[in-house]
Structures are given as C-alpha cells and as structure tokens.
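Every chain is numbered from 1, with letters handed out A, B, ... down the list of sequences.
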Amino acid sequence: MSVISVITKGHQPTVDVSSRRWSDARWRRNALGTTLEILVPLALLGIWEFVTTQLVHSFYFPPLHKILSTLVDVWFFDHMKADLVPSVARLLVGYGIAVILGVGIGAFLGLSRRAQIAVEPLIEFLRSIPPPAFLPAAMVIIGVDDGMRVFVITFVCLWPILLNTADGIAGVDQGFLDTAKVFGIKGFERFRRVLLPAAAPQIFAGMRTTLAIGLILMVISEMVASINGIGYFVLNSQRTFAIPEMWSGTIVLGVLGYLLNFMFLCVERKALHWHRGLKAGQNV
Amino acid sequence: MSAEVRSTLGVPLNELNSGGFQLPSWCWPLITVAVVLCFWEFCSRFGIISSRFIPPMSVTFAKLGEEALSGSLWPLVGDTLRGWALGLGIAMGIGIPTGVLLGSSPLAYRSVRVIIEFLRPMPSVALIPLTVLVFGIGLKSEVFLAAFAALWPVLVQTLYGVADTDPVAVDTGRAFGLNGWERLYKIKLPSALPYILTGVRISSAVSLILAVTAELIIGSPGLGQAIEAARQGSAYDAMYALILATGILGYLLNIGIMRMQCRLLHWHQSQRRIAP
Amino acid sequence: MLLEISNLGKVYGMGRNAVEAIGRIDLSIREHEFVSVVGPSGCGKTTLMKCISGLLESTTGEVRLRGKRISGTPEGMALVFQEYGRSLFPWVTARENILLPLKHQRLDKRVMNERVEEAVDAVGLAEAIDRYPWQLSGGMQQRIAIARALAYKPEILLMDEPFASVDAQTRADLEDLLLLVRRRYSITLLLVTHDIDESIYIGDRVVILSGAPTHVKEECVIDLPGLRDQVKTKELQEFARLRAHVFTQIRHDRASDTKKQAVRSTC
C-alpha cells in the first residue's frame, strides 16, 4: 500500500480506491455514530428505570419517573423563583465583577513587565489556595449574607482571569505591536483594537474555567451558609430525607452547569470566530 | 558606546543588565510579598481591620509555626493529602485509559459524548448530599467526590490529545509496518503527553479543591474540617493559620506538578528556548 | 532631500558583550526615488529598517525626514513588514485593516473610504476587501499590507524584505505591482531585500551594504529603461552586468571583514 495514496483526513485513514466506495463507508460510519449517540444515553436511562423499578428498590435511588415528576412539581415554578433565581443572580454578579476587574487589572499588569514580575508570584499563590478554604474566613469577616457569597465568588474567580489576561496581553505578537507603532495607533485605541482582540483567545480560556469554579463556589457557599439557593435546597432535602427532591435539585444543578457552559461557548464562538478561522487555515 | 539602548517598550533589554544598580528580577516578587505582609500587620495591629476578625500577620504566622512544631498540623496535612492522592489516582486510573480508548475510536467517543458533555459541567459539589447518603461522612466520601471531579479534566485532555495526533505521524508509523498497539504507545501516547500532563495538572488542583470541600462541608478529617472547627470555636488565629497552611500545600503541589511536567516534556516544543 | 540618514549606528549590549549590529550608515533619498538596499545575510538590514522607522532607537546618528529630526515613529512613514501574518490583524477584515491607521488622522468618513477603495483598486484586490486576511493567499495578504501603507499616504514607504515570504511567481507579480503603483501614487520607496535581482529590477539606485560592522559599501545608479518587464529587462546586458557586480561585491564581503570607505560610483 503506497503511503501517497492514503488519505489522512480524520482519525481513520482510508485508502482512496474509488471515491464512491469511500464516501459510502464514511456515510455508514457517520450514521452509525449518530445512532449510537442517541441510543446509548437513552439506553442508560432505560436501564436505570428498569433496575430501580423491577430489580432493586432502594430508598436512596428512586425510579427515574419519580425523580422527573418531582422535578416538574417542585421546580416549575415555585422553587425556580425562590431558589434558582437567587443562586444564578449571585453567580452572575460575582462572575461579572470578577471579569471586569480581572480584565482591567490584568491588562494593566500585562503592559508592564516590571509589575508582572513583581506581582505574579503572589497572585499565583492566592490562586492556588483551594477556594473552599476561603469560605470560613469570609464568613468571619463579612458575615453570613448575600454579600459574602458574592464576594467569595468574585475573589476566587478574579485571579485566574487576571493572570490569563496579563499573560494574553504580555504575549501579544511583537509584529502587531510594531505595526501599531508604525501606523500611529496608540493609547486606548491600541488597547481596544489591537491588544484586547489579540489576547482574547487566552482571556476567554481563562473565563471558561473560571465559570466552572464560580459555579462550584456558588453551590458550596449555599450549602455552608445560606437560607436559600439550589445548593441549600439540595443539602436540606438530603437532611430531611426528601430523596426525590434531592435528586431533582442535583439534576437542576447539572442542567444549570450545562446551560451556562453552552451559553458561554456560544458567546465565545461569536467573539472568536476569526481565531478559529485563522487556526484552521494554519493547519492546512 | 556608553549610551543605553532601549527597545520599543522602553524597558531595558535583558542583555543590558550589567548588574550595578539594576535589581535582579527575583527581588521584585519578594519586595511585593514583604510589602503586603507589612500592610497586613499594620492594618491589623492599628485597628484598621478589627484584630478580632483578622489577627495580625505575626500572630498568624506564629500560630502556624506553633501548630507545625507541636505536631498537630501534620496529621491534618496527611489526611488532606491522602484524600487528594487517592482522588487523583483513581481519576487518572480511570480517566487516562478511557481517554485513550475514546480518543482512538471515534465511534466509542460518539456513543458516550452526550453523557460526558452533560456530566462534565456538573458541579461535583452538587453530589455531596447523595455521596453522604451512600458513603457516609468519612474518607470514602471525600475520595469519591475528589475522584469524580478530577476525572473529567484528565479524561477530556487525554481524549483530545490522542485524537489530535498528527495524522502524518500515524501514517508514517503505518507505512513503516507498526501495528495498532505499537502505533498507540510509540506515536499516539508520546504525542498526547503534553495534553495528558495538562489534564493531570488541572485534575490535581480540582482534586485538592474537592478534598478540602468535603472536609469543610461533610467533616471528613483533614485541613478543611479543622478550619471549619476553628471557625465555629471562634479560634480565629488558628483558623487563619490553617488557611495559610492549606494555601501553602496547594501552592507546593501545583509547583511540584509543574516541575514534573517540565521534566517529562523536556523534548517538547513548548519547552524549547529560542537558540541564541 | 526627503530622507537623510547620517552616521546611523546600532549596538546591542554593553561592555564585553556588545554586538555592533550597524557600524555607520550614511544615506540620502530624494523625493520620488526608488532605492533598494541589499547586503549579505545577517548584515543588519532589518535592524536598519527598524532604526529608520523608529521602532528601535539607534545608538548613534540621526534620521531626518524633510529636514526634521525623527524621534519615535514619525507620521510620514509607512512600513510593510516581511511577515504579513504577524502584521495584518486577523480579527478584522481587510477593509478594517486598511482603515485602522486612518482613523486617528481625523479624516472625514467619506474621505477615508475613498482612500481605502482607491488603494485596494491600485493593488487589484477590490473583490477581497471584505474578507479576513487568513482567508486570502500569501500574495493577496501582502497586497493588503501594501494597500494599507498606500492608503496611509506616507511621505516615504519603507519595505523590509516584503516578498521574502511568498513564492517566486507571486514575488514577480508583486514587484510589477510596486512599479505600477509608483506611477499612480508617485511614492518614494526604500526597499530592503536579499534578492539581488529584485533590488536591481525595482530600484533607481542600489545601495550595497557591507558585512558586519555594517556600512554603505557602494551605491550604484541603475541605468535601465523606466518601463521594466520581468522578461525583457532581465535580458538586457546592463542588467546582467549590474547583477554580476552587486553579486560579486556581496560575495566578496562575506569572505572578508575589512572596513572600507563608502564609495559612490556609476558602476
């Protein structure tokens, strides 16, 4: 088999014997993949239902239909207002402040090599303190209220965004900086039209991981010190042995995580479409 | 030629550093840390921040030293490390082989893609109540939570790493007569190594976070539990000392993994310096 | 004189680790002149361009644009870089790339758009103007970079090995493009290149640099017909003679390392 005749697209190189046969095999694989993609998760859910209703009756693992019906009952729409909305609001406010501060300070740091060298190790240290360790301190200093919860989310989300922004701005290609200099693009114009877009991929990468961390902190802060919120709801349900409710809350959290991630990816896709195009072109 | 040469950003080029009045670069972080610590001490001692809620820096460090020397710190550190290590170990033990499998077989990946994409963004702390029901409030819960959370970064990174192998490299191997297994461990795994190590680094951080969280919320033995106990007992200087200790632990683990990453990847492009 | 470079020198490092990238350069460029600069590899051509354009501060000497001494990057200069991929901004379209330098000149919007359209028309890329740079080929990207410099309407256009990163045929097209644009825009050009053929084909004058420490070794006036053609001009005996002369000078300097006085001659 000659190497030259091997087509290297995708993970499984196929020999181009005739184009018709090639596309047939590919189409078959694609169809099989899509089928599996739909069937396997459904099958797992089906197995869960089957096992919990027919085989093992476990108090801690209720049947699927019970969980789903509880979910609909409980969450639409009472607890949505009472728990879901406050939770998400806290997260968005805390995260939002962290983004604005992080990008702002990070940009400033990224422009000054000296400041970066001076401050980065300290920030790296702050960043590596496991976030839950901050909670007790925050509770002592600020008290047990919404302000504390938002503060903790902001404080923990701030550092990774800041560091990623600083790295992104400091790492802008010298060619772009020279071009801006030659053509007289300076100051805020330069920041807005050259530095920020160039650093955007890295900033978004930092923002994505930080969103997940923020979500975790939102839940923890509600479990430890709150009277409302999804985290509180789930823990409280467990304590009062309202098991299907507990499961419903867990699923809501899972869906929330999925949705937030999805929405973030949509925003990122729009903002960084040029970056994807650029990378795709480079890989050819 | 005594004129100072400056680059476009106005910062003296490194080559210029003939010593003299220019401070070496490692001085600056130390100065910053020193300034911050002094600021902390000052604020706390002079009542700008109530010293009941934030004890002075010297007191905190003294307490930390006391705990370290008296030996009460180390069992806590050991407990947390145990939870972290077991969580990370299990995550790697499951995640890396699974990632290799899924990365090598697009069909297998597509079967479970939806499940991964749904479980992955789930905050693992949401499972705390369920975990407590099933595993109780001891080490097992802590390890389960840490392992569950740490599984996803290393699995996804391994998956991407193996799937992203340069097809030209794979085909070169095929042309040279290597069979499937050999192609796997001679070509795909080494080329996926940077990704895998990045995944391990992230997973390590996540495992530590969840271990401490479990200790904090559930009460498994370890630093997190001790911090919460100190808070409830209003022993604030002990609480801050323990938080510091946790931070130092996290920092050291992070540095350790990064060093290891550098070592193992010394051949990789990302570690290369531009030839002078 | 449009551009006067006197006693330009550049040293990296200090003391024992000092590296003299440029020894001493004296050069003058008249308005509407096309001047090419060639030299052996590593003789500091790019450093020279960076010093002239103000991206690097020189150690000694000065550059004067219309009699005024330059500090930093002056308004009247545009630079086309060798690596278009690191110069054209990939996050905006070609049109935006060309517009961006004009924005701070506080021009009327209509005037700006006119300039952009004109420049793009001059380089022959009207249909690609709303695409992103990475959607275009290397040659097209470099044309966009040239259009950007033209729309800027600089006093002098500097080019640092602009065609080194494209293939030979595209290079020939771009060289002809420059000559075409010259008639339309009546620009002044200072072009640095390692390609000897190119330096003679494009220029009114060739400046030959020596090896390190770099100085102007020789300046040759190019006595070829104004209307140049890739085939016919390169067939001329004068072209071959010039080419051989420049080549010999450069090769000779790569072997030896002696300081010579700058010689001006009609060679």
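Using a 4.5 Å cut-off between heavy atoms, Leu133(B) touches chain A through backbone and side chain atoms alike. Residue Ile213(A) does not touch chain B at all, counting heavy-atom pairs closer than 4.5 Å. Contacts of Ile243(A) with chain B are made by side-chain atoms alone, with heavy-atom separations under 4.5 Å and no backbone atom involved. For Phe262(A), no part lies under 4.5 angstrom from a heavy atom of chain B. Both the backbone and the side chain of Ala137(A) come within contact range of chain B, each with at least one heavy atom under 4.5 Å from a heavy atom of that chain. When heavy atoms are compared at a cutoff of 4.5 Å, Val132(B) approaches chain A solely by way of its side chain, counted from C-beta outward. Within the 4.5 angstrom heavy-atom criterion, no atom of Leu249(B) approaches chain A. Within the 4.5 angstrom heavy-atom criterion, only side-chain atoms of Val114(B), from C-beta onward, approach chain A. Proximity to chain B involves both the backbone and the side chain of Val255(A), based on heavy atoms less than 4.5 angstrom apart. Only the side chain of Phe241(A) has a heavy atom closer than 4.5 Å to any heavy atom of chain B. Contact annotation for Thr34(A): both backbone and side-chain heavy atoms come within less than 4.5 Å of a heavy atom of chain B. Within the 4.5 angstrom heavy-atom criterion, atoms from both the backbone and the side chain of Arg110(B) approach chain A. Of the atoms belonging to Val224(A), it is side-chain heavy atoms, and not backbone ones, that fall under 4.5 Å from chain B. Looking at Leu135(A), only its side chain comes within 4.5 Å of chain B, counting heavy atoms on both sides.
To the nearest 0.5 Å, atoms CG (Leu109(A)) and CG (Leu163(A)) are separated by 8.0 Å. A distance of 4.5 Å separates CG in Leu130(B) from CE in Met246(A), rounded to the nearest 0.5 Å. One finds the OG1 atom of Thr198(B) at 13.5 Å from the OH atom of Tyr160(B) (value rounded to the nearest 0.5 Å). Between the CG atom in Leu107(B) and the OG1 atom in Thr35(A) there is a gap of 9.5 Å [rounded to 0.5 Å].
Ranked by non-hydrogen atom pairs under 4.5 Å with chain B, the options Arg239(A), Met223(A), Arg127(A), Glu120(A) are led by Met223(A). In terms of non-hydrogen atom pairs under 4.5 Å with chain B, the most contact-rich of Leu260(A), Leu211(A), Val234(A), Ile230(A) is Val234(A). Interface remark: of the candidates Gly257(A), Pro130(A), Gly249(A), Ala212(A), Pro130(A) forms the most heavy-atom pairs closer than 4.5 Å to chain B. Per-residue counts of heavy-atom pairs under 4.5 Å with chain A were compared for Asn254(B), Leu253(B), Val33(B), Ile217(B); the largest is that of Ile217(B). Of the listed residues (Ala108(B), Pro129(B), Cys27(B), Ala149(B)), the greatest number of heavy-atom pairs within a distance under 4.5 Å of chain A belongs to Pro129(B). When each of Leu235(A), Ile220(A), Leu256(A), Val252(A) is scored by its heavy-atom pairs under 4.5 Å with chain B, the top score falls to Ile220(A). Considering only heavy-atom pairs separated by less than 4.5 Å from chain B, the leading option among Gln238(A), Met139(A), Glu124(A) is Gln238(A). Ranking Leu126(A), Leu39(A), Leu215(A) against chain B, the residue ahead of the rest is Leu215(A), based on heavy-atom pairs under 4.5 Å.
A 4.5 Å side-chain heavy-atom check between Met218(A) and Leu253(A) finds at least one atom pair inside the cut-off. Looking at heavy atoms from C-beta onward, Ile248(B) lies in side-chain contact with Phe125(A) at the 4.5 angstrom threshold. Side-chain contact between Asp167(A) and Gln116(A) is present, with at least one heavy-atom pair separated by less than 4.5 Å. Val112(B) is not listed as a side-chain neighbour of Thr98(B), based on a closest heavy-atom distance of 4.5 Å or more. The shortest side-chain heavy-atom distance between Trp84(B) and Ser204(B) falls under the 4.5 Å cut-off.
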Worked verdict on Phe135(B) versus Phe144(B) for ring pair (Phe, Tyr, Trp, His ring centres under 6.0 Å): CA-CA 8 Å; Phe135(B) 291 108; Phe144(B) 174 79; 5.1 Å; yes
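Counting only N and O atoms by type, the side chains of Ser237(A) and Trp247(A) include no donor and acceptor under 3.5 Å apart.
Residues meeting the salt bridge (charged side-chain N to carboxylate O under 4.0 Å, His left out) test with Asp79(B), sequence neighbours left out: Arg82(B). In this structure Thr209(A) satisfies the side-chain hydrogen bond (donor to acceptor under 3.5 Å, both in side chains) test with no other residue, sequence neighbours excluded.
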